[in-house]
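Read the numbers this way: they start at 1 and go in the same order the structure lists the ligands and their atoms. These figures come from a predicted structure and were not determined experimentally.
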Amino acid sequence: MKNEGDWKVFRDRWMARKNGVLTQVNELWLKAAPSEAKREVGLAVNEIKVQVERGVTDAKDHYENVATLRATARDRGLYPLDISLPGVRRPIGAEHPVVKTTNEMVRVFQKLGYSVADGPVVETDYYNFESLNFPPNHPARDTQDTLFIAGQQAKPQRERLLLRTHTSPVQIRTMEKMRPPLRIVIPGTVHRNDPPDASHSPMFHQIEGLAVDTNITFGDLKGTLDHAMKEFFGSSVKTSFRPSFFPFTEPSAEMYVSCFICGGSGRRGNDPCRPCKQTGWIEILGCGMVDPNVFEFVKDNGYDPRKVSGFAFGMGADRIALLKYGVDDIQLFFQGDVRFLRQWA
Ligand SMILES: [Zn+2]
């Protein structure tokens, strides 16, 4: 019963003098009753009359209440729900450039048969440093670079908690769980005690990879990474490897790709190409053959350094996104300014 009109139809059906249900009950039951039953039938008809009148009054209250609620909702700017009306469309966000870069790079390695591995951001000294062959006095362990969790002096050093400074602890954690052969790619956030500026942020993103099997060589490393960079930046990029040092790989290298902005010429028209500093090459990642000392920590799970070998690589997702999208300040990635992010919508 929605309104007064409905209610009147309802009322008249029961109470109209001409042909309403009560009138008919009166005519057909009471008047037709034999005289000895008139009193009893009269009482029953009266009872029915009371009930009908109560029902009709209740129905009136009901539709009046509904009308009041509607009026209140209208006054407050609320409208009774109508599911047939078109909905309010929320604006769909855009994939963040760093997330987009990460996903694209991860997909390149997934196509090569790598699976995605994950691990905690709050790590122990053991997984972040010790098991990755960082000597006890290596500068990366210094509080200048690493954000340690406070109040842990009572714990042995290897159990102390810190914010992981690289995604490499996931390599050890995965090797503890899975036996070789292994091919994993590890995207994730890492933290360093770097004051924020145009090229540094205390929180940033890495993408790492690890491949372990019997007879993995530096040739496999070069072939895999060369193929991956061509997939990611385009088939015309060239790669170049230069010797470097990392505690957990031996030998180690830095990989450069030919500048995908100036095509390797070092110039953009008459201007110098800034991203490659006019060299025609951009340093893109660190890599190397897994140091046998690292395998010693997971030897019991099938990683005997005399039987298996492997390569590892790591790159900064933010840096690649900066280069790819021509952004000159890493802070823009983390300020959440919709005007900046909308450019990739
Ligand atoms: Zn260039």
If we only look closer than 2.8 Å, how many protein N, O or S atoms does the Zn ion (ligand 1) have near it? 4

Who passes side-chain contact (heavy atoms from CB on, under 4.5 Å) against Gln110, sequence neighbours left out? Val106, Arg107, Val116

Evaluate the ring planes of Phe129 and Phe134, with Trp represented by its six-membered ring, and classify them as parallel (under 30°), tilted (30 to 60°) or perpendicular (over 60°). perpendicular

Check for me whether Arg173 meets the cation-pi criterion with Tyr127, that is, NZ or CZ under 6.0 Å from the six-membered ring centre and within 45 degrees of the ring axis. yes

Near-ring test Phe109/Phe313, centroid separation under 6.0 angstrom: yes

Measure up the Phe233 and Phe260 rings against each other and bin them: parallel (under 30°), tilted (30 to 60°), perpendicular (over 60°). parallel

A cation-pi test, strictly: NZ or CZ of Lys307 under 6.0 Å from the centre of the six-membered ring of Phe295 and no more than 45 degrees from its axis. Yes or no? no

